[in-house]
Amino acid sequence: MFKDPLLVRNGQILELTPLGRALVDPVHDVLAELDHLLRIRPTFDPASDHRSFTIAASDYVTLVLLRPLLEQLHREAPNVTVNVVPINLSTSIAIERAQLDLAIIPDQYMTSKAPYIRRRQLFTDNYVPVVAKQNLEAGRTLEREAMQSLPYVCYYDQSCGPALVDQALAEMGIEPRIALATASITMVPVFVSGTPYFGFVQRRLLRHCHVRDDLRTLRTPVRIPSIVEHMYWHPVMHRDPAHQWLRERATTLSANI
């Protein structure tokens, strides 16, 4: 069919020809689409049907969106299970290959340029600087100079690179004095509480943080771009009734968090 052997022998092993290597990803996509096609049901009854979903999300999104979503699913769909996996540099590829049901990530982290990937905006959020209430070194406004002199709690995950807020500060030439780094953004307010440190956290995250009463938010003249969280999925799942149901639940809930 291809007028190419696809595999050639090299000693005791078979190796792919250039055309064979070029066919790996397209064949994977075809098989993934066939697999989902065979599993699609004409209807989906959340009250009785069994289904499992894998969602890639940050710990921040897991706390502010997926946790209340799971509470809702527990009531409406007791036989539906959700596996939450962390986002990393391979998340975009996993979406391209239909290895994830959903990825909920900021648009800046979606590196895929595949035109067929489906997406939907869920919600936006803003970074705000926070300090402990008893911190007297920080006034009500966090000026540019203070950002470079006060000890800073930095969120840095090797699997994703610098946080969006730190990328924005770097572009403005601001280099905070890092006193502590954590791979979990949800831990930043915990480390700030009761210390002389400051940090940047998403405003919605503060509502779910158990130390929120120990913190105070500051104003800042430095403009930090908003976070825009999108939901991404492969088109082979677009018309699956169960998948449509899950996406609608996530969309409705994101409007009220």
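Below, each value reflects all heavy atoms present in this structure, side chains not excepted, and no hydrogens, waters or symmetry copies. If you're wondering where the values come from, they're calculated on a predicted model, not measured in any experiment.
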Establish, yes or no, whether a centroid distance under 6.0 Å links the rings of Tyr152 and Tyr197. no
Report the residues that fulfil salt bridge (charged side-chain N to carboxylate O under 4.0 Å, His left out) with Glu143, sequence neighbours left out, ordered by chain and then residue number. none
Tyr232 vs His230 aromatic rings, parallel, tilted or perpendicular, using cut-offs 30° and 60°? tilted
For Glu15 and Asn10, does a side-chain donor sit closer than 3.5 Å to a side-chain acceptor? yes
Among side-chain atoms of Ser184 and Thr186, is any donor-acceptor pair under 3.5 angstrom? yes
Out of [options], which residue meets the side chain to side chain contact (heavy atoms under 4.5 Å, CB included) rule with [X]?
X	options	value
Ile55	Leu100, Leu66, Val85	Leu66
Tyr127	Asp166, Ile227, Thr220	Ile227
Phe44	Leu246, Val80, Asp240	Val80

Test side chain to side chain contact (heavy atoms under 4.5 Å, CB included) on Phe53 and Leu73 and set out the steps. CA-CA 12 Å; Phe53 298 99; Leu73 297 188; 6.0 Å; no
Between Asp49 and Asn79, does a side chain to side chain contact (heavy atoms under 4.5 Å, CB included) hold up when you go through it step by step? CA-CA 6 Å; Asp49 287 353; Asn79 297 319; over 6 Å; no
Between Ile224 and Asn126, does a side chain to side chain contact (heavy atoms under 4.5 Å, CB included) hold up when you go through it step by step? CA-CA 8 Å; Ile224 307 297; Asn126 297 300; over 6 Å; no
Is there a donor-acceptor contact under 3.5 Å from the side chain of [X] to the main chain of [Y]?
X	Y	result
Ser58	Val61	yes
Arg247	Leu102	no
Asp35	Leu31	no
Arg51	His243	no
Thr252	Glu248	yes

[atom1] of [X]: more than 12 outside heavy atoms within 6.0 angstrom?
X	atom1	value
Gln99	CD	yes
Arg120	CZ	yes
Arg207	CZ	yes
Ile13	CD1	yes
Glu76	CD	yes

Would a 4.5 Å heavy-atom cut-off, applied to side chains only, mark [X] and [Y] as touching?
X	Y	value
Phe123	Val64	yes
Leu218	Val130	no
Leu150	Pro196	no
Leu164	Pro225	no
Thr43	Pro241	no

Are Val201 and Ile257 in one and the same hydrophobic cluster, where Ile, Leu, Val, Met, Phe, Trp and Tyr link if side-chain heavy atoms are under 4.5 Å apart? yes
Heavy-atom closest contact (Thr182 atom, Met187 atom, distance): OG1-CB, 3.8 Å
Any residue meeting side-chain contact (heavy atoms from CB on, under 4.5 Å) with Ile174, in chain and number order, not counting sequence neighbours: Arg144, Met147, Gln148, Leu169, Met172, Pro176, Val222
Under 3.5 Å, sequence neighbours excluded: what are the donor-acceptor pairs made by side chains of residues 105-112?
from: Tyr109; atom 1: OH; to: Pro162; atom 2: O; distance (Å): 3.2
from: Thr111; atom 1: OG1; to: Ser92; atom 2: OG; distance (Å): 3.2
from: Ser112; atom 1: OG; to: Glu96; atom 2: OE2; distance (Å): 2.4
from: Ser112; atom 1: OG; to: Ala114; atom 2: N; distance (Å): 3.1

Does the pair Arg97/Asp25 count as a salt bridge with the N-to-O cut at 4.0 Å? yes
Let me see the working for Arg216 and Val131 under side chain to side chain contact (heavy atoms under 4.5 Å, CB included), right down to the final yes or no. CA-CA 6 Å; Arg216 60 187 177 95; Val131 295; 3.7 Å; yes
